Number of protein chains: 2
Amino acid sequence: MKGKIFIIEDEASIIQLVQLNLEKEGFVVSSSLNGNEGLKELKKFEPNLLLLDWMLPDLSGIDVCKNIRRDSNFKTLPIIMLTAKGEEEDKIKGLESGVDDYITKPFSFNELHARIKAVLRRSDPNIVANDLTFEDLKLDRIEKRVFRADKEIQLGPTEFRLLEFFLTNPKRVYSRDQILETVWPNNVNVESRTIDVHIRRLRQSINIKDKKELIRTVRSSGYSLV
Amino acid sequence: MKGKIFIIEDEASIIQLVQLNLEKEGFVVSSSLNGNEGLKELKKFEPNLLLLDWMLPDLSGIDVCKNIRRDSNFKTLPIIMLTAKGEEEDKIKGLESGVDDYITKPFSFNELHARIKAVLRRSDPNIVANDLTFEDLKLDRIEKRVFRADKEIQLGPTEFRLLEFFLTNPKRVYSRDQILETVWPNNVNVESRTIDVHIRRLRQSINIKDKKELIRTVRSSGYSLV
DNA sequence: TTAAATTGTAATATTTCTGTAACAAAAGAA
DNA sequence: TTCTTTTGTTACAGAAATATTACAATTTAA
């Protein structure tokens, strides 16, 4: 899961270009062509990051920005401002008004992508990182390694995916069905009790004596990481 | 933010009633009186949930449903079917054809609302509020945890559902029958006195010494949260 | 090809939860 | 008061959910 990005930008061609590329990178993207509608849709969409054009037909980027910062649910939403060349002076204003970064049009997608990753890494590391962490647990998606308290742990493939799944949303309780759907390849039919066994195996692997149990059983609901 | 709901239903009066109430709840609502047009508009509207009448002038609800499930963009759109009384047998067919829930006309808005929330919670948890609170009581539906005065409380599954139920309408008095209907799975037959026992268990769990009793007994009527 | 690792399931053990019955206590009614 | 109705409390047996174990089948690695 890479996270959700919302774009408010009045040039449809830019939206198209950026959206296409971001989706190719695995982000979920939604967009709007103007400020007022954009604000509404954005709040429904609940993105992890906003790409915001400086000049919009109705509201200025700064107005949008201020509105967002006033909303307690989006106070901390990372924003990257898109400015046209020659507006450099405004950049300072932009940053002052609570923008996390800016990029000057025209920009290459690579440049944008780098900035997005940088901003997300600061605000919500789990979205970008190849490392998922929770407390003293660390999972490296690239190298396929898992550590508990800096000690490497060997997991079978299924236990690895299972832990990876829990780490994308720690604390959240998942039902056996939800776990099956996500962790097992589609169209496989496995007994839902099978999950108990894998939970057991995972527990056995990641538990260290004298350290607390990391997987919580919620009777009649499922399991979660705690 | 509550999300978008689309209604396909040929009785204008029902649409009006439901739409009005849903909008009052904060949903964005759009509707259509028949299946073919409805399908087109729905795909433009991109709702988070569809309320679909079983009997339509042109297409049957099932046809609409199948059409939607064939469209990759709407494969997972949650659908609640509206059936008239006496069509109960069809319900099974409905659920088989990919419907998420159904409700029999005539229905109360509260009942519909509850089902909508339940279905949305499954499909798109961010749309629905997940924390229920009342005074110093807090229930987290995602993590399945309950707190009183910031101290965590352990509840069994039934007590959890019971409290969840009371928290959706604090202060309101519910009869034992109402409690049974909502908190217990359908088609289970339990003695109504059983509820007293669970109330007792819930009380024991959530009461803290020196703090006031949270569950009120209303003689010959039922119980409520106060 | 063989050995080792992994997987799903079934059988069994263990834990936790549930509903009910029986009796006590409280609240109304007469 | 006394009687009646309703609710509170308790204990307990059976049910239900989860934990654990062993094992055969399959996959992967050597």
Side-chain angles (χ1 to χ4, degrees), chain A residues 139 143-146 152-166 173-207 209 212-226, chain B residues 144-146 152-166 173-207 209 212-226:
Chain A
L139 180 149
E143 299 184 10
K144 305 269 183 203
R145 288 172 190 276
V146 174
E152 178 155 14
I153 284 163
Q154 298 298 336
L155 295 182
T158 304
E159 281 69 54
F160 185 91
R161 293 199 310 277
L162 192 56
L163 181 59
E164 184 181 11
F165 174 62
F166 278 121
V173 175
Y174 289 101
S175 70
R176 291 188 174 68
D177 280 345
Q178 288 175 313
I179 295 173
L180 263 186
E181 259 179 45
T182 317
V183 175
W184 267 257
N186 292 330
N187 67 44
V188 201
N189 252 32
V190 283
E191 205 64 37
S192 106
R193 306 261 76 239
T194 299
I195 288 167
D196 301 25
V197 179
H198 283 282
I199 289 282
R200 147 108 172 132
R201 288 168 181 156
L202 181 55
R203 273 179 171 150
Q204 247 174 351
S205 304
I206 67 176
N207 278 356
K209 82 167 175 348
K212 73 167 185 189
E213 173 68 52
L214 279 178
I215 295 175
R216 175 168 77 121
T217 302
V218 182
R219 195 171 226 257
S220 83
S221 293
Y223 298 96
S224 73
L225 212 59
V226 287
Chain B
K144 305 267 185 202
R145 289 180 190 277
V146 173
E152 177 156 14
I153 284 163
Q154 300 295 336
L155 295 181
T158 304
E159 281 68 56
F160 186 93
R161 292 199 309 276
L162 192 57
L163 181 60
E164 185 180 11
F165 173 62
F166 279 120
V173 177
Y174 290 101
S175 72
R176 290 188 175 68
D177 280 345
Q178 287 175 311
I179 294 173
L180 263 186
E181 256 179 48
T182 318
V183 175
W184 267 258
N186 293 330
N187 67 45
V188 203
N189 252 32
V190 284
E191 205 65 37
S192 103
R193 290 304 316 281
T194 298
I195 288 167
D196 300 26
V197 178
H198 283 283
I199 289 282
R200 148 96 172 144
R201 286 169 181 155
L202 182 54
R203 273 179 171 150
Q204 236 170 2
S205 303
I206 67 176
N207 279 355
K209 81 169 176 346
K212 73 168 184 187
E213 173 67 51
L214 278 178
I215 295 175
R216 177 168 73 118
T217 304
V218 183
R219 192 168 228 262
S220 79
S221 295
Y223 299 95
S224 76
L225 212 58
V226 287

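Values in this document were obtained by computation on a predicted structure and should not be read as measured data. In what follows, chains carry the letters A, B, and so on, assigned in the order in which the sequence lines appear, proteins first and then strands, with residues in each chain numbered from 1.
Put simply, A:W184 has a side-chain N or O that comes within less than 4.0 Å of OP1 or OP2 on C:dG8. Phosphate contact (OP1/OP2 of D:dA17, side-chain N/O of A:S220, threshold under 4.0 Å): absent. Of the side-chain N and O atoms in B:T217, none sit less than 4.0 angstrom from OP1 or OP2 of D:dT7. One finds a side-chain N or O of A:Y223 lying less than 4.0 angstrom from the OP1 or OP2 phosphate oxygen of D:dA19.
Residue A:E159 forms a side chain to side chain donor-acceptor pair (under 3.5 Å) with just one option from A:Q204, A:H198, A:R200, and that option is A:H198.
In the set D:dA11, C:dT9, D:dT18, C:dT9 carries the atom at the smallest distance from any side-chain atom of A:T194. When each of C:dT18, C:dT6, C:dA21 is scored by its nearest atom to the side-chain atoms of B:E159, the top-ranked nucleotide is C:dT18.
Counting to the nearest Å, the P atom of D:dT7 and the CZ atom of B:R203 are 11 Å from each other. Atom CD in B:Q154 sits about 12 Å away from atom C1' in C:dT16, given to the nearest Å. Look at NE2 on A:H198: it is 16 Å from P on D:dT21, rounded to the nearest Å. Taking atom CD1 on A:I195 and atom C1' on D:dT18, their separation rounds to 13 Å, with Å as the unit. Spacing between atom CZ of B:R193 and atom C1' of C:dT18 amounts to 16 Å, rounded to whole angstrom units. In this structure, the CZ atom of A:R216 is 20 Å from the P atom of C:dT15, given to the nearest Å. In this entry the distance linking CD of A:E213 with P of D:dT18 reads 15 Å, nearest Å. Counting to the nearest Å, the C1' atom of D:dA15 and the CZ atom of A:R219 are 10 Å from each other.
Scanning both residues, B:V183 and B:L162, for their nearest heavy atoms gives CG1-N, 3.9 Å. Scanning all heavy atoms of the two residues, the minimum distance from B:V173 to B:S221 falls at CG1-CB, 4.1 Å.
Under the 4.5 Å side-chain criterion, counting only non-hydrogen atoms from C-beta, A:L214 is not in contact with A:F166.
Side-chain contact, B:R203 with B:T217: a donor N or O sits under 3.5 Å from an acceptor N or O.
For A:R200 and A:D196, each mapped to the nucleotide of DNA chain D holding its nearest heavy atom, the one lying further toward the 5' end belongs to A:D196.
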